[in-house]
Amino acid sequence: MELNKYIEHTLLKQDATRQDLEKLLLEAKEYAFKGVCVNPFNVAAAKKYLKDTSVKVVTVIGFPLGASVSEVKAFEAQKAVQDGADEIDMVINVSKLKDKDYDYVKQDIEAVKAACSDKILKVILETDLLTKEEIKKACEICIEAKADFVKTSTGFVKNGIGAKAEDVKLMADTVKPYGLGVKASGGIRDKEKALAMIAAGADRLGTSSGVAIVS
């Protein structure tokens, strides 16, 4: 199995430096990872560095809380695409999901999807904060809103576990019949866990431990 082709090599830390970014991009190129996942202000630099490679540039929108208003998320996504983002990972409005305001959640996703042009949209559910029923419902909304992927986690929930195989399986069982993919992220630090996520149905792995996993 070519594990590198599953990995989105990730650098989203608040205090990440230019040096950290350059290291990430160099490693992504060297190991031919599926993509890099960086904060929006780093998209243009990442795209420039990776222009002659097959490595995708992925960025995050409404990150990490998902609490920006839809118009702001949409503008952020549009700008990221202009800067060269190949894929967009947006955070769902968890508060609205928990309040069962499903129309808001759907319209929030649709606003970002419209701003993405033809780029892939992944929706981060933040599974650490959701019940199994809420995970399933969020997946169903993502299907209706025509997202391309559902994703487990931001990795920013305090004391959160991140990706769990049982959640990935639930997500995969719900969305895959409708053609959506699943990205597992958060807490994937070794090969064993990476393989467990793929076995559960993950098509992508978001991790800052990509090199350790493939080495």
Side-chain angles (χ1 to χ4, degrees), residues 1-60 63-64 80 84-89 91 119-120 122 124-128 148-172 176 180-215:
M1 181 185 286
E2 290 183 293
L3 269 177
N4 61 315
K5 295 304 179 193
Y6 285 84
I7 289 171
E8 291 180 23
H9 200 32
T10 301
L11 179 67
L12 299 170
K13 287 189 306 184
Q14 196 172 356
D15 59 349
T17 63
R18 181 74 186 192
Q19 195 176 358
D20 294 330
L21 178 68
E22 286 168 359
K23 179 173 180 279
L24 179 94
L25 297 174
L26 185 67
E27 289 169 348
K29 206 169 179 177
E30 186 183 338
Y31 290 93
F33 288 131
K34 180 71 178 182
V36 293
C37 188
V38 297
N39 280 310
F41 78 99
N42 281 322
V43 166
K47 188 68 176 178
K48 188 177 177 185
Y49 185 89
L50 296 168
K51 68 178 189 297
D52 297 322
T53 74
S54 63
V55 182
K56 304 279 187 199
V57 176
V58 185
T59 195
V60 288
F63 194 86
D86 298 299
E87 302 186 1
I88 299 293
D89 291 15
V91 187
K119 306 303 181 189
I120 282 178
K122 309 190 202 84
I124 306 172
L125 308 185
E126 204 66 284
T127 49
D128 273 320
D148 300 289
F149 273 75
V150 288
K151 175 178 167 181
T152 55
S153 321
T154 61
F156 279 68
V157 172
K158 195 178 178 185
N159 303 323
I161 293 166
K164 295 200 290 259
E166 64 195 88
D167 293 341
V168 170
K169 185 179 187 309
L170 172 60
M171 291 160 69
K176 289 209 169 181
L180 282 74
V182 177
K183 178 176 170 181
S185 67
I188 304 169
R189 298 188 185 95
D190 56 45
K191 187 176 180 181
E192 185 184 11
K193 184 150 188 185
L195 291 172
M197 293 301 136
I198 293 166
D203 305 287
R204 301 276 189 93
L205 304 172
T207 176
S208 55
S209 305
V211 175
I213 290 167
V214 297
S215 297

### Backbone N/O of I188 and side chain of T207: donor-acceptor pair under 3.5 Å
yes
### Query
Less than 4.5 Å apart, any side-chain heavy atom of T59 and any of C37?
no
### Query
Going from CD on E22 to CD on E27, what distance comes out if it is rounded to the nearest 0.5 angstrom?
12.0 Å
#### Entry: Pairing of K122 and E8 as salt bridge, 4.0 angstrom limit
yes
### Spatial distance of atom CG (L50) from atom NZ (K56) [nearest 0.5 Å]
11.5 Å
### E126 side chain reached by T154 side chain, heavy atoms, under 4.5 Å
yes
### Task
Hey, could you give me the CD1/OG1 distance between I161 and T152, rounded to the nearest 0.5 Å?
11.5 Å
### Query
Under 3.5 Å, is there a donor-acceptor pair between the side chain of S208 and the main chain of T10?
no
### Where A45 and L21 come nearest, the two heavy atoms and their spacing
CB-CD2, 4.3 Å
### Heavy-atom closest pair, residues S153 and T127
OG-OG1, 3.6 Å
### Query
Any side-chain heavy-atom pair from K34 and I7 closer than 4.5 angstrom?
no
### Task
Indicate the atoms forming the closest heavy-atom contact of L205 with A194, along with that distance.
CD1-CB, 3.7 Å
### Query
What pair of heavy atoms forms the shortest contact from V55 to A28, and how long is it?
CG2-O, 3.7 Å
### Task
Check whether any side-chain heavy atom of L3 sits under 4.5 Å from a side-chain heavy atom of I198, and report yes or no.
yes
### Query
Is there a side-chain contact between Y31 and S215, using heavy atoms and a 4.5 Å cut-off?
yes
### Message
Quick check: do D190 and S209 have side-chain heavy atoms less than 4.5 Å from each other?
### Response
no
### Query
Can you tell me if NZ on K5 sees more than 12 non-hydrogen neighbours from other groups inside 6.0 Å?
yes
### Message
Can you tell whether the side chains of K47 and D86 come within less than 4.0 Å, N to carboxylate O?
### Response
yes
### Message
I need the minimum non-hydrogen distance between A200 and A165, along with the two atoms involved.
### Response
CB-O, 3.5 Å
#### Entry: Inter-residue atom distance I213.CD1 - H9.NE2, 0.5 Å rounding
9.5 Å
### Pair K183 + E87: basic N to acidic O under 4.0 Å
no
### Task
Would you please name every residue forming a side-chain contact (heavy atoms from CB on, under 4.5 Å) with V182, sequence neighbours left out?
V150, V168, M171, A172, V175, K176, D203
### Task
Output the distance between atom CG (D167) and atom CG (D128), rounded to the nearest 0.5 Å.
8.0 Å
### Query
From M1 CE over to Y6 OH, what is the distance, rounded to the nearest 0.5 angstrom?
4.5 Å
#### Entry: All ring-ring contact (aromatic ring centres under 6.0 Å, His included) counterparts of F149, not counting sequence neighbours
none
### Task
Take the angle between the ring planes of F63 and F156 and call it parallel below 30°, perpendicular above 60°, tilted in between.
perpendicular
#### Entry: Pair listing, ring pair (Phe, Tyr, Trp, His ring centres under 6.0 Å) test, anchored in residues 189-215, at least two apart
none
